[in-house]
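Take a look at the structure below.
Protein chains get the first letters and strands the later ones, always in sequence-line order, with residue 1 at the start of each.
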2 protein chains.
Amino acid sequence: MKDLKINNQPVTLVDQVEAKLLEYIKTEDLNPGSSMPNEQTLAKALGVARGVLREALSRLRMLGLIETRTQRGMVLKEPSILGGMLRVADPLLLSELSLLDVLEFRVALELGISSDIFRKITKKDIEELEVIVEKGIILEHNEYALASEYAFHSKLYEITGNQTIIQFQKIINPIITFVKDKFEENFKPINIELEKENRIVTHADLLECIKTGDVNAYRDKLDCHFLIYSIFLNEKRKLSKK
Amino acid sequence: MKDLKINNQPVTLVDQVEAKLLEYIKTEDLNPGSSMPNEQTLAKALGVARGVLREALSRLRMLGLIETRTQRGMVLKEPSILGGMLRVADPLLLSELSLLDVLEFRVALELGISSDIFRKITKKDIEELEVIVEKGIILEHNEYALASEYAFHSKLYEITGNQTIIQFQKIINPIITFVKDKFEENFKPINIELEKENRIVTHADLLECIKTGDVNAYRDKLDCHFLIYSIFLNEKRKLSKK
DNA sequence: TTATTCCTATTTGTAGGACAAATATAATAA
DNA sequence: TTATTATATTTGTCCTACAAATAGGAATAA
(Lines give C-alpha, C1' and ligand atoms only; values in the text may rest on other atoms or scores of the structure.)
Protein backbone atom coordinates (compact mmCIF):
# COMPACT_ATOMS: atom_id res chain seq x y z
CA MET A 1 0.00 0.00 0.00
CA LYS A 2 3.04 2.17 0.29
CA ASP A 3 3.15 3.03 -3.40
CA LEU A 4 -0.51 3.72 -3.78
CA LYS A 5 -0.97 7.43 -3.09
CA ILE A 6 -2.80 10.29 -4.73
CA ASN A 7 -1.90 13.81 -3.64
CA ASN A 8 0.31 12.23 -1.00
CA GLN A 9 -2.73 10.59 0.61
CA PRO A 10 -2.76 6.82 0.76
CA VAL A 11 -5.35 5.22 -1.43
CA THR A 12 -7.24 3.14 1.08
CA LEU A 13 -9.33 0.08 0.48
CA VAL A 14 -12.36 2.31 0.93
CA ASP A 15 -11.21 4.52 -1.93
CA GLN A 16 -10.71 1.46 -4.08
CA VAL A 17 -14.04 -0.05 -3.20
CA GLU A 18 -15.77 3.22 -3.96
CA ALA A 19 -14.18 3.29 -7.39
CA LYS A 20 -15.07 -0.34 -8.03
CA LEU A 21 -18.66 0.21 -7.05
CA LEU A 22 -18.94 3.16 -9.43
CA GLU A 23 -17.38 1.04 -12.14
CA TYR A 24 -19.79 -1.79 -11.42
CA ILE A 25 -22.78 0.50 -11.63
CA LYS A 26 -21.62 1.92 -14.94
CA THR A 27 -20.59 -1.32 -16.60
CA GLU A 28 -23.67 -3.23 -15.49
CA ASP A 29 -25.67 -0.44 -17.08
CA LEU A 30 -27.85 -0.22 -14.00
CA ASN A 31 -30.69 2.24 -14.04
CA PRO A 32 -32.52 4.08 -11.31
CA GLY A 33 -34.61 1.51 -9.54
CA SER A 34 -32.21 -1.36 -10.15
CA SER A 35 -31.13 -3.38 -7.15
CA MET A 36 -27.58 -4.03 -6.16
CA PRO A 37 -26.28 -7.13 -4.44
CA ASN A 38 -26.50 -6.96 -0.67
CA GLU A 39 -23.64 -5.93 1.56
CA GLN A 40 -22.53 -9.44 2.49
CA THR A 41 -22.38 -10.49 -1.13
CA LEU A 42 -20.55 -7.36 -2.24
CA ALA A 43 -18.04 -7.51 0.61
CA LYS A 44 -17.26 -11.13 -0.21
CA ALA A 45 -17.01 -10.44 -3.93
CA LEU A 46 -14.62 -7.55 -3.33
CA GLY A 47 -12.67 -9.42 -0.70
CA VAL A 48 -13.03 -6.78 2.00
CA ALA A 49 -14.61 -6.58 5.41
CA ARG A 50 -18.18 -5.37 5.58
CA GLY A 51 -17.04 -2.26 7.47
CA VAL A 52 -14.86 -1.15 4.56
CA LEU A 53 -17.68 -1.76 2.12
CA ARG A 54 -20.04 0.24 4.28
CA GLU A 55 -17.71 3.21 4.31
CA ALA A 56 -17.65 3.20 0.52
CA LEU A 57 -21.40 2.73 0.29
CA SER A 58 -21.86 5.59 2.72
CA ARG A 59 -20.12 7.82 0.23
CA LEU A 60 -22.40 6.69 -2.57
CA ARG A 61 -25.36 7.30 -0.35
CA MET A 62 -24.15 10.83 0.25
CA LEU A 63 -23.85 11.39 -3.49
CA GLY A 64 -27.45 10.31 -3.86
CA LEU A 65 -26.47 7.41 -6.06
CA ILE A 66 -28.05 4.73 -3.85
CA GLU A 67 -30.93 4.43 -1.47
CA THR A 68 -30.76 1.73 1.16
CA ARG A 69 -33.70 -0.30 2.41
CA THR A 70 -33.84 -3.04 5.01
CA GLN A 71 -34.64 -6.34 3.43
CA ARG A 72 -34.87 -4.94 -0.06
CA GLY A 73 -31.24 -3.88 -0.05
CA MET A 74 -29.74 -1.09 -2.10
CA VAL A 75 -31.50 0.62 -4.97
CA LEU A 76 -29.96 2.88 -7.59
CA LYS A 77 -30.97 6.49 -8.00
CA GLU A 78 -29.82 9.22 -10.29
CA PRO A 79 -27.27 11.25 -8.37
CA SER A 80 -27.61 14.97 -8.08
CA ILE A 81 -24.86 16.50 -10.16
CA LEU A 82 -24.64 19.41 -7.72
CA GLY A 83 -25.11 17.41 -4.51
CA GLY A 84 -21.44 17.56 -3.58
CA MET A 85 -21.29 21.26 -4.22
CA LEU A 86 -24.28 21.78 -1.96
CA ARG A 87 -22.32 20.38 0.93
CA VAL A 88 -19.19 22.45 0.57
CA ALA A 89 -20.46 25.70 -0.90
CA ASP A 90 -19.96 27.47 2.36
CA PRO A 91 -17.81 30.57 2.85
CA LEU A 92 -16.51 29.06 6.09
CA LEU A 93 -15.06 26.09 4.22
CA LEU A 94 -13.73 27.72 1.08
CA SER A 95 -10.77 29.96 0.47
CA GLU A 96 -11.17 33.55 -0.56
CA LEU A 97 -9.76 32.66 -3.96
CA SER A 98 -12.48 30.08 -4.51
CA LEU A 99 -15.14 32.49 -3.33
CA LEU A 100 -14.03 35.06 -5.87
CA ASP A 101 -13.99 32.39 -8.57
CA VAL A 102 -17.58 31.56 -7.72
CA LEU A 103 -18.60 35.20 -7.84
CA GLU A 104 -17.10 35.53 -11.29
CA PHE A 105 -18.65 32.25 -12.37
CA ARG A 106 -22.06 33.48 -11.34
CA VAL A 107 -21.67 36.76 -13.20
CA ALA A 108 -20.57 34.94 -16.34
CA LEU A 109 -23.42 32.50 -16.11
CA GLU A 110 -26.03 35.19 -15.76
CA LEU A 111 -24.64 37.02 -18.75
CA GLY A 112 -24.65 33.72 -20.60
CA ILE A 113 -28.30 32.90 -20.00
CA SER A 114 -29.42 36.15 -21.62
CA SER A 115 -30.27 34.53 -24.95
CA ASP A 116 -32.14 31.74 -23.16
CA ILE A 117 -34.14 34.22 -21.13
CA PHE A 118 -35.23 36.13 -24.21
CA ARG A 119 -36.06 32.91 -26.01
CA LYS A 120 -38.13 31.42 -23.25
CA ILE A 121 -39.71 34.29 -21.37
CA THR A 122 -43.49 34.44 -21.14
CA LYS A 123 -45.95 37.20 -20.48
CA LYS A 124 -46.48 35.80 -17.03
CA ASP A 125 -42.74 35.89 -16.35
CA ILE A 126 -42.65 39.55 -17.28
CA GLU A 127 -45.54 40.31 -14.98
CA GLU A 128 -43.79 38.57 -12.14
CA LEU A 129 -40.62 40.51 -12.83
CA GLU A 130 -42.63 43.70 -12.76
CA VAL A 131 -43.97 42.85 -9.32
CA ILE A 132 -40.48 42.03 -8.11
CA VAL A 133 -39.06 45.27 -9.43
CA GLU A 134 -41.91 47.30 -8.00
CA LYS A 135 -41.53 45.74 -4.58
CA GLY A 136 -37.77 45.88 -4.71
CA ILE A 137 -36.06 47.69 -1.89
CA ILE A 138 -33.20 49.86 -3.02
CA LEU A 139 -30.64 50.92 -0.47
CA GLU A 140 -28.12 53.56 -1.37
CA HIS A 141 -25.88 53.58 -4.41
CA ASN A 142 -27.89 50.94 -6.23
CA GLU A 143 -27.49 48.42 -3.46
CA TYR A 144 -30.47 46.17 -3.22
CA ALA A 145 -31.77 44.53 -0.08
CA LEU A 146 -30.70 40.91 -0.16
CA ALA A 147 -34.19 39.57 -0.69
CA SER A 148 -34.86 41.95 -3.57
CA GLU A 149 -31.57 41.13 -5.23
CA TYR A 150 -32.19 37.42 -4.89
CA ALA A 151 -35.81 37.61 -6.03
CA PHE A 152 -34.99 39.44 -9.25
CA HIS A 153 -32.00 37.42 -10.30
CA SER A 154 -33.36 34.02 -9.31
CA LYS A 155 -36.46 34.74 -11.36
CA LEU A 156 -34.18 35.18 -14.36
CA TYR A 157 -32.65 31.80 -13.71
CA GLU A 158 -36.05 30.20 -13.36
CA ILE A 159 -37.06 31.46 -16.77
CA THR A 160 -34.35 29.29 -18.32
CA GLY A 161 -36.24 26.22 -17.11
CA ASN A 162 -32.87 24.56 -16.68
CA GLN A 163 -33.00 22.82 -13.31
CA THR A 164 -29.25 22.49 -13.02
CA ILE A 165 -28.71 26.20 -13.59
CA ILE A 166 -31.49 27.07 -11.17
CA GLN A 167 -30.08 24.80 -8.51
CA PHE A 168 -26.57 26.11 -9.07
CA GLN A 169 -27.67 29.64 -8.42
CA LYS A 170 -29.42 28.64 -5.22
CA ILE A 171 -26.42 26.77 -3.95
CA ILE A 172 -23.95 29.57 -4.50
CA ASN A 173 -26.20 32.34 -3.25
CA PRO A 174 -24.84 32.21 0.30
CA ILE A 175 -21.38 32.65 -1.15
CA ILE A 176 -22.43 35.68 -3.18
CA THR A 177 -24.12 37.18 -0.15
CA PHE A 178 -21.06 36.55 1.99
CA VAL A 179 -18.64 38.11 -0.48
CA LYS A 180 -20.80 41.18 -0.88
CA ASP A 181 -20.94 41.61 2.87
CA LYS A 182 -17.30 40.90 3.53
CA PHE A 183 -16.05 43.33 0.92
CA GLU A 184 -18.68 45.96 1.44
CA GLU A 185 -16.01 48.58 2.01
CA ASN A 186 -14.42 47.71 -1.31
CA PHE A 187 -17.68 47.81 -3.22
CA LYS A 188 -18.90 51.11 -1.85
CA PRO A 189 -16.38 53.44 -3.54
CA ILE A 190 -16.69 51.57 -6.80
CA ASN A 191 -20.42 52.01 -6.67
CA ILE A 192 -20.14 55.69 -5.89
CA GLU A 193 -17.82 56.13 -8.83
CA LEU A 194 -20.12 54.27 -11.16
CA GLU A 195 -22.99 56.41 -9.98
CA LYS A 196 -21.06 59.54 -10.78
CA GLU A 197 -20.35 58.26 -14.26
CA ASN A 198 -24.02 57.46 -14.73
CA ARG A 199 -23.16 53.82 -15.20
CA ILE A 200 -25.64 52.49 -12.70
CA VAL A 201 -28.05 49.99 -14.15
CA THR A 202 -31.10 49.14 -12.09
CA HIS A 203 -33.35 46.11 -12.16
CA ALA A 204 -35.95 48.39 -13.75
CA ASP A 205 -33.49 49.20 -16.55
CA LEU A 206 -32.93 45.51 -17.19
CA LEU A 207 -36.62 44.79 -17.14
CA GLU A 208 -37.18 47.54 -19.66
CA CYS A 209 -34.82 45.81 -22.10
CA ILE A 210 -36.64 42.54 -21.50
CA LYS A 211 -39.97 44.14 -22.26
CA THR A 212 -38.71 45.73 -25.45
CA GLY A 213 -37.06 42.46 -26.44
CA ASP A 214 -33.64 44.01 -27.00
CA VAL A 215 -31.24 41.26 -25.95
CA ASN A 216 -28.12 43.15 -26.94
CA ALA A 217 -29.10 46.18 -24.91
CA TYR A 218 -29.95 43.80 -22.06
CA ARG A 219 -26.51 42.22 -22.21
CA ASP A 220 -24.75 45.56 -22.27
CA LYS A 221 -26.77 46.79 -19.33
CA LEU A 222 -26.32 43.57 -17.40
CA ASP A 223 -22.57 43.74 -18.02
CA CYS A 224 -22.79 47.25 -16.61
CA HIS A 225 -24.95 46.09 -13.69
CA PHE A 226 -22.18 43.66 -12.82
CA LEU A 227 -19.36 46.08 -13.51
CA ILE A 228 -18.92 46.58 -9.83
CA TYR A 229 -17.91 42.92 -9.49
CA SER A 230 -15.64 42.95 -12.53
CA ILE A 231 -13.79 46.01 -11.25
CA PHE A 232 -13.58 44.54 -7.76
CA LEU A 233 -12.29 41.20 -9.04
CA ASN A 234 -9.72 42.84 -11.26
CA GLU A 235 -8.41 44.80 -8.30
CA LYS A 236 -8.24 41.73 -6.09
CA ARG A 237 -6.50 39.77 -8.82
CA LYS A 238 -3.98 42.53 -9.32
CA LEU A 239 -3.22 42.61 -5.62
CA SER A 240 -2.84 38.86 -5.42
CA LYS A 241 -0.28 38.85 -8.21
CA LYS A 242 2.12 40.94 -6.10
CA MET B 1 -35.72 7.04 14.38
CA LYS B 2 -39.03 6.41 12.71
CA ASP B 3 -39.86 10.09 12.28
CA LEU B 4 -36.49 11.17 11.05
CA LYS B 5 -36.58 10.91 7.27
CA ILE B 6 -35.60 13.06 4.33
CA ASN B 7 -36.91 12.12 0.90
CA ASN B 8 -38.33 9.01 2.53
CA GLN B 9 -34.83 7.87 3.44
CA PRO B 10 -34.12 7.41 7.12
CA VAL B 11 -31.68 9.90 8.54
CA THR B 12 -29.08 7.58 10.00
CA LEU B 13 -26.60 8.29 12.74
CA VAL B 14 -23.99 8.57 10.03
CA ASP B 15 -25.95 11.36 8.36
CA GLN B 16 -26.24 13.13 11.70
CA VAL B 17 -22.59 12.71 12.52
CA GLU B 18 -21.60 14.06 9.13
CA ALA B 19 -23.72 17.14 9.70
CA LYS B 20 -22.31 17.63 13.19
CA LEU B 21 -18.77 17.34 11.94
CA LEU B 22 -19.41 19.96 9.27
CA GLU B 23 -20.97 22.17 11.91
CA TYR B 24 -18.00 21.65 14.22
CA ILE B 25 -15.55 22.59 11.51
CA LYS B 26 -17.47 25.74 10.68
CA THR B 27 -18.14 26.92 14.21
CA GLU B 28 -14.63 26.21 15.45
CA ASP B 29 -13.45 28.37 12.56
CA LEU B 30 -10.89 25.76 11.65
CA ASN B 31 -8.57 26.49 8.78
CA PRO B 32 -6.68 24.30 6.37
CA GLY B 33 -3.89 22.72 8.37
CA SER B 34 -5.81 22.65 11.65
CA SER B 35 -6.03 19.35 13.45
CA MET B 36 -9.21 17.70 14.57
CA PRO B 37 -9.63 15.52 17.62
CA ASN B 38 -8.83 11.87 16.99
CA GLU B 39 -11.44 9.24 16.19
CA GLN B 40 -11.72 7.84 19.69
CA THR B 41 -12.29 11.28 21.16
CA LEU B 42 -14.80 12.29 18.53
CA ALA B 43 -16.74 9.04 18.76
CA LYS B 44 -16.97 9.41 22.53
CA ALA B 45 -17.96 13.07 22.31
CA LEU B 46 -20.69 12.28 19.79
CA GLY B 47 -21.81 9.18 21.65
CA VAL B 48 -21.51 6.83 18.69
CA ALA B 49 -19.44 3.81 17.84
CA ARG B 50 -16.20 4.38 16.07
CA GLY B 51 -17.56 2.60 12.99
CA VAL B 52 -20.36 5.16 12.59
CA LEU B 53 -17.91 8.00 13.01
CA ARG B 54 -15.61 6.47 10.43
CA GLU B 55 -18.41 6.29 7.88
CA ALA B 56 -19.07 9.99 8.32
CA LEU B 57 -15.39 10.85 8.21
CA SER B 58 -15.05 8.80 5.06
CA ARG B 59 -17.55 11.11 3.42
CA LEU B 60 -15.58 14.17 4.47
CA ARG B 61 -12.45 12.56 3.14
CA MET B 62 -14.16 12.08 -0.19
CA LEU B 63 -15.15 15.72 -0.26
CA GLY B 64 -11.51 16.61 0.25
CA LEU B 65 -12.31 18.36 3.51
CA ILE B 66 -9.95 16.26 5.63
CA GLU B 67 -6.71 14.41 5.19
CA THR B 68 -5.95 11.57 7.55
CA ARG B 69 -2.55 10.71 8.95
CA THR B 70 -1.47 7.98 11.30
CA GLN B 71 -0.38 9.39 14.61
CA ARG B 72 -0.97 12.97 13.56
CA GLY B 73 -4.70 12.38 13.14
CA MET B 74 -6.97 14.36 10.86
CA VAL B 75 -6.03 17.62 9.23
CA LEU B 76 -8.35 20.10 7.55
CA LYS B 77 -8.07 20.97 3.90
CA GLU B 78 -10.03 23.25 1.66
CA PRO B 79 -12.59 21.11 -0.13
CA SER B 80 -12.87 21.19 -3.87
CA ILE B 81 -16.14 22.85 -4.72
CA LEU B 82 -16.45 20.67 -7.81
CA GLY B 83 -15.14 17.43 -6.27
CA GLY B 84 -18.58 15.87 -5.94
CA MET B 85 -19.48 16.81 -9.49
CA LEU B 86 -16.31 15.17 -10.71
CA ARG B 87 -17.51 11.86 -9.36
CA VAL B 88 -20.99 11.85 -10.84
CA ALA B 89 -20.55 13.80 -14.05
CA ASP B 90 -20.83 10.66 -16.09
CA PRO B 91 -23.39 10.04 -18.83
CA LEU B 92 -23.86 6.53 -17.52
CA LEU B 93 -25.05 7.84 -14.16
CA LEU B 94 -27.13 10.82 -15.20
CA SER B 95 -30.49 11.08 -16.84
CA GLU B 96 -30.90 12.45 -20.31
CA LEU B 97 -32.65 15.46 -18.83
CA SER B 98 -29.65 16.28 -16.67
CA LEU B 99 -27.30 15.79 -19.60
CA LEU B 100 -29.25 18.29 -21.65
CA ASP B 101 -29.24 20.71 -18.73
CA VAL B 102 -25.47 20.45 -18.59
CA LEU B 103 -25.14 21.05 -22.31
CA GLU B 104 -27.21 24.19 -22.00
CA PHE B 105 -25.30 25.26 -18.90
CA ARG B 106 -22.05 24.95 -20.77
CA VAL B 107 -23.30 26.98 -23.72
CA ALA B 108 -24.54 29.71 -21.42
CA LEU B 109 -21.30 29.78 -19.50
CA GLU B 110 -19.19 30.13 -22.58
CA LEU B 111 -21.34 32.97 -23.82
CA GLY B 112 -21.05 34.51 -20.40
CA ILE B 113 -17.27 34.50 -20.23
CA SER B 114 -17.02 36.56 -23.42
CA SER B 115 -16.43 39.85 -21.59
CA ASP B 116 -13.84 38.19 -19.36
CA ILE B 117 -12.00 36.77 -22.34
CA PHE B 118 -11.78 40.14 -24.04
CA ARG B 119 -10.70 41.79 -20.80
CA LYS B 120 -7.98 39.30 -20.00
CA ILE B 121 -6.66 37.97 -23.27
CA THR B 122 -2.96 38.43 -24.06
CA LYS B 123 -0.99 38.45 -27.25
CA LYS B 124 0.33 35.02 -26.34
CA ASP B 125 -3.20 33.71 -25.91
CA ILE B 126 -4.09 34.93 -29.39
CA GLU B 127 -1.05 33.24 -30.86
CA GLU B 128 -2.00 29.99 -29.17
CA LEU B 129 -5.52 30.26 -30.49
CA GLU B 130 -4.12 30.83 -33.97
CA VAL B 131 -2.13 27.61 -33.72
CA ILE B 132 -5.17 25.74 -32.50
CA VAL B 133 -7.35 27.06 -35.31
CA GLU B 134 -4.70 26.34 -37.93
CA LYS B 135 -4.23 22.78 -36.71
CA GLY B 136 -7.95 22.26 -36.21
CA ILE B 137 -9.47 19.34 -38.05
CA ILE B 138 -12.84 20.11 -39.58
CA LEU B 139 -15.09 17.24 -40.52
CA GLU B 140 -18.17 17.91 -42.61
CA HIS B 141 -20.84 20.47 -41.91
CA ASN B 142 -18.70 22.41 -39.45
CA GLU B 143 -18.20 19.42 -37.22
CA TYR B 144 -14.85 19.53 -35.52
CA ALA B 145 -12.81 16.56 -34.46
CA LEU B 146 -13.21 16.14 -30.75
CA ALA B 147 -9.65 17.16 -29.93
CA SER B 148 -9.89 20.30 -32.05
CA GLU B 149 -13.19 21.28 -30.52
CA TYR B 150 -11.88 20.74 -27.02
CA ALA B 151 -8.59 22.52 -27.67
CA PHE B 152 -10.23 25.68 -28.97
CA HIS B 153 -12.92 26.00 -26.36
CA SER B 154 -10.83 24.99 -23.37
CA LYS B 155 -8.29 27.62 -24.34
CA LEU B 156 -11.05 30.20 -24.06
CA TYR B 157 -11.84 29.00 -20.56
CA GLU B 158 -8.20 29.13 -19.59
CA ILE B 159 -8.00 32.76 -20.61
CA THR B 160 -10.47 33.61 -17.85
CA GLY B 161 -7.89 32.50 -15.31
CA ASN B 162 -10.80 31.34 -13.17
CA GLN B 163 -9.83 27.91 -11.86
CA THR B 164 -13.37 26.94 -10.96
CA ILE B 165 -14.64 27.73 -14.44
CA ILE B 166 -11.72 25.90 -16.02
CA GLN B 167 -12.26 22.85 -13.87
CA PHE B 168 -15.99 22.90 -14.52
CA GLN B 169 -15.45 22.76 -18.23
CA LYS B 170 -13.06 19.84 -17.90
CA ILE B 171 -15.43 17.90 -15.71
CA ILE B 172 -18.42 18.24 -18.01
CA ASN B 173 -16.53 17.66 -21.24
CA PRO B 174 -17.25 13.90 -21.29
CA ILE B 175 -20.93 14.77 -21.01
CA ILE B 176 -20.77 17.20 -23.92
CA THR B 177 -18.92 14.64 -26.01
CA PHE B 178 -21.43 11.95 -25.13
CA VAL B 179 -24.45 14.08 -25.98
CA LYS B 180 -22.97 15.09 -29.32
CA ASP B 181 -22.32 11.48 -30.17
CA LYS B 182 -25.61 10.13 -28.95
CA PHE B 183 -27.69 12.68 -30.83
CA GLU B 184 -25.52 12.87 -33.90
CA GLU B 185 -28.49 12.05 -36.11
CA ASN B 186 -30.40 14.96 -34.60
CA PHE B 187 -27.55 17.41 -35.02
CA LYS B 188 -26.76 16.58 -38.61
CA PRO B 189 -29.89 17.95 -40.30
CA ILE B 190 -29.77 21.06 -38.15
CA ASN B 191 -26.20 21.62 -39.19
CA ILE B 192 -27.01 21.13 -42.84
CA GLU B 193 -29.81 23.63 -42.57
CA LEU B 194 -27.61 26.18 -40.84
CA GLU B 195 -25.02 25.70 -43.53
CA LYS B 196 -27.59 26.42 -46.21
CA GLU B 197 -28.59 29.60 -44.45
CA ASN B 198 -24.95 30.63 -44.20
CA ARG B 199 -25.22 30.61 -40.44
CA ILE B 200 -22.20 28.50 -39.83
CA VAL B 201 -19.62 30.15 -37.61
CA THR B 202 -16.18 28.59 -37.50
CA HIS B 203 -13.46 28.81 -34.88
CA ALA B 204 -11.62 31.02 -37.35
CA ASP B 205 -14.59 33.40 -37.45
CA LEU B 206 -14.57 33.61 -33.68
CA LEU B 207 -10.85 34.16 -33.57
CA GLU B 208 -11.19 36.99 -36.06
CA CYS B 209 -13.57 38.79 -33.70
CA ILE B 210 -11.13 38.26 -30.87
CA LYS B 211 -8.31 39.74 -32.89
CA THR B 212 -10.29 42.80 -33.87
CA GLY B 213 -11.50 43.18 -30.30
CA ASP B 214 -15.17 43.23 -31.20
CA VAL B 215 -16.84 41.55 -28.23
CA ASN B 216 -20.37 42.13 -29.47
CA ALA B 217 -19.63 40.56 -32.82
CA TYR B 218 -17.93 37.72 -30.96
CA ARG B 219 -21.00 37.12 -28.83
CA ASP B 220 -23.31 37.14 -31.82
CA LYS B 221 -21.11 34.71 -33.68
CA LEU B 222 -20.67 32.48 -30.67
CA ASP B 223 -24.42 32.43 -30.15
CA CYS B 224 -24.63 31.39 -33.77
CA HIS B 225 -21.84 28.80 -33.32
CA PHE B 226 -23.97 27.26 -30.59
CA LEU B 227 -27.26 27.66 -32.44
CA ILE B 228 -27.20 23.99 -33.28
CA TYR B 229 -27.46 23.18 -29.56
CA SER B 230 -30.16 25.76 -28.90
CA ILE B 231 -32.30 24.43 -31.73
CA PHE B 232 -31.69 20.85 -30.67
CA LEU B 233 -32.52 21.60 -27.01
CA ASN B 234 -35.68 23.45 -27.97
CA GLU B 235 -36.82 20.49 -30.01
CA LYS B 236 -36.09 18.03 -27.21
CA ARG B 237 -37.84 20.24 -24.71
CA LYS B 238 -40.88 20.50 -26.96
CA LEU B 239 -41.04 16.75 -27.33
CA SER B 240 -40.68 16.16 -23.63
CA LYS B 241 -43.62 18.43 -22.88
CA LYS B 242 -45.99 16.09 -24.75
C1' DT C 1 -61.75 -13.25 -5.80
C1' DT C 2 -59.87 -9.25 -3.67
C1' DA C 3 -58.36 -6.61 0.17
C1' DT C 4 -56.43 -6.39 4.59
C1' DT C 5 -53.73 -7.90 8.35
C1' DC C 6 -50.16 -10.43 10.41
C1' DC C 7 -45.88 -12.81 10.56
C1' DT C 8 -41.38 -14.05 9.20
C1' DA C 9 -37.16 -13.57 6.83
C1' DT C 10 -33.95 -10.41 5.23
C1' DT C 11 -31.00 -6.65 5.11
C1' DT C 12 -29.20 -2.49 6.83
C1' DG C 13 -27.58 0.13 10.98
C1' DT C 14 -24.95 0.19 15.04
C1' DA C 15 -21.95 -1.33 18.71
C1' DG C 16 -17.67 -3.07 20.42
C1' DG C 17 -13.23 -5.47 20.38
C1' DA C 18 -8.80 -6.70 18.33
C1' DC C 19 -4.82 -6.03 15.78
C1' DA C 20 -2.07 -4.49 11.51
C1' DA C 21 -0.02 -0.66 9.18
C1' DA C 22 1.93 3.77 8.79
C1' DT C 23 3.57 7.30 10.47
C1' DA C 24 5.17 11.45 13.81
C1' DT C 25 7.79 12.28 17.55
C1' DA C 26 11.24 11.38 20.90
C1' DA C 27 15.57 9.40 22.06
C1' DT C 28 20.11 8.06 20.93
C1' DA C 29 24.37 7.91 18.35
C1' DA C 30 27.74 9.99 15.43
C1' DT D 1 24.05 19.67 15.07
C1' DT D 2 22.45 16.07 12.15
C1' DA D 3 21.19 11.42 11.17
C1' DT D 4 19.38 7.16 12.68
C1' DT D 5 16.59 4.23 15.47
C1' DA D 6 12.91 3.16 18.58
C1' DT D 7 8.51 3.99 20.45
C1' DA D 8 3.96 5.81 20.87
C1' DT D 9 -0.02 7.13 18.48
C1' DT D 10 -3.59 7.08 15.28
C1' DT D 11 -5.80 5.44 11.29
C1' DG D 12 -7.24 1.28 8.53
C1' DT D 13 -9.14 -3.15 8.46
C1' DC D 14 -11.22 -7.23 10.20
C1' DC D 15 -14.52 -9.77 13.02
C1' DT D 16 -18.66 -10.79 15.82
C1' DA D 17 -23.12 -9.81 17.59
C1' DC D 18 -27.49 -7.97 17.75
C1' DA D 19 -31.07 -4.16 17.13
C1' DA D 20 -34.10 -1.92 13.92
C1' DA D 21 -36.82 -1.52 9.94
C1' DT D 22 -38.75 -3.13 6.58
C1' DA D 23 -40.49 -6.13 2.18
C1' DG D 24 -42.75 -9.87 0.83
C1' DG D 25 -45.42 -13.83 1.57
C1' DA D 26 -49.00 -16.20 3.97
C1' DA D 27 -53.25 -16.24 6.25
C1' DT D 28 -57.64 -14.39 7.11
C1' DA D 29 -61.74 -11.68 6.34
C1' DA D 30 -65.12 -9.63 3.37
Can you list the steps and then say if Leu109(A) with Tyr157(A) is a side-chain contact (heavy atoms from CB on, under 4.5 Å)?
CA-CA 10 Å; Leu109(A) 183 61; Tyr157(A) 285 85; 3.8 Å; yes

Expressed in angstrom and rounded to an integer, what is the separation of [X] atom [atom1] from [N] atom [atom2]?
X        : N       : atom1 : atom2 : answer
Asp15(A) : dT13(D) : CG    : C1'   : 13 Å
Lys44(A) : dC15(D) : NZ    : C1'   : 14 Å
Leu57(B) : dT11(D) : CG    : C1'   : 10 Å
Gln9(B)  : dA21(D) : CD    : P     : 14 Å
Glu39(B) : dG12(D) : CD    : P     : 6 Å
Leu42(A) : dT11(C) : CG    : P     : 12 Å
Glu55(B) : dT14(C) : CD    : C1'   : 9 Å
Glu18(B) : dG13(C) : CD    : P     : 14 Å

Could you tell me the separation between the CG atom of Leu233(A) and the CD1 atom of Ile228(A), rounded to the nearest 0.5 Å?
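Separation between the atoms: 10.5 Å.
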
Quick one: pull up CD1 in Ile121(B) and OG1 in Thr160(B) and give me the separation to the nearest 0.5 Å.
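Output value for this atom pair is 11.0 Å.
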
For a side-chain contact (heavy atoms from CB on, under 4.5 Å) check, start with the C-alpha distance between Lys170(B) and Gln167(B), then their side-chain angles and the critical distance, and finish with the verdict.
CA-CA 5 Å; Lys170(B) 280 181 188 165; Gln167(B) 198 188 3; 5.5 Å; no

What N/O pairs connect the protein and nucleotides 7-9 of chain D at under 3.5 Å? Give each pair on its own line.
{"residue": "dT9(D)", "atom": "O4'", "partner": "Gln71(B)", "partner atom": "NE2", "Å": "3.3"}

What pattern of brackets, bars and dots sums up DNA chain D from 5' to 3', given Watson-Crick or G-U wobble pairs under 3.5 Å, [ ] for crossing pairs and | for another strand?
||||||||||||||||||||||||||||||

Let me know which of Leu100(A), Leu103(A), Leu97(A) forms a side-chain contact (heavy atoms from CB on, under 4.5 Å) with Lys236(A).
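Output: one option passes, namely Leu100(A).
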
Side-chain ion pair, [X] and [Y], N-O less than 4.0 Å:
X         : Y         : answer
Arg119(B) : Glu104(A) : no
Lys120(A) : Asp125(A) : no
Lys123(B) : Glu127(B) : no

May I ask you to verify if any side-chain N or O of Arg54(B) is less than 4.0 angstrom from the OP1 or OP2 atom of dG12(D)?
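So the side chain of Arg54(B) is within the cut-off, an N or O lying under 4.0 Å from OP1 or OP2 of dG12(D).
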
For [X] and [Y], test the side chains for any donor-to-acceptor distance below 3.5 angstrom and give the result as yes or no.
X         : Y         : result
Thr12(B)  : Asp15(B)  : yes
Ser34(B)  : Asn31(B)  : no
Glu110(A) : His153(A) : yes

Do any N or O atoms of the protein come closer than 3.5 Å to N or O atoms of nucleotides 15-17 of chain C, and which pairs are they?
{"residue": "dA15(C)", "atom": "OP2", "partner": "Ala49(B)", "partner atom": "N", "Å": "2.9"}

I want to confirm an ordering. Mapping Thr68(B) and Arg69(A) to their closest nucleotides on DNA chain C, which one lands closer to the 5' end?
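In this pair, the answer is Arg69(A).
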
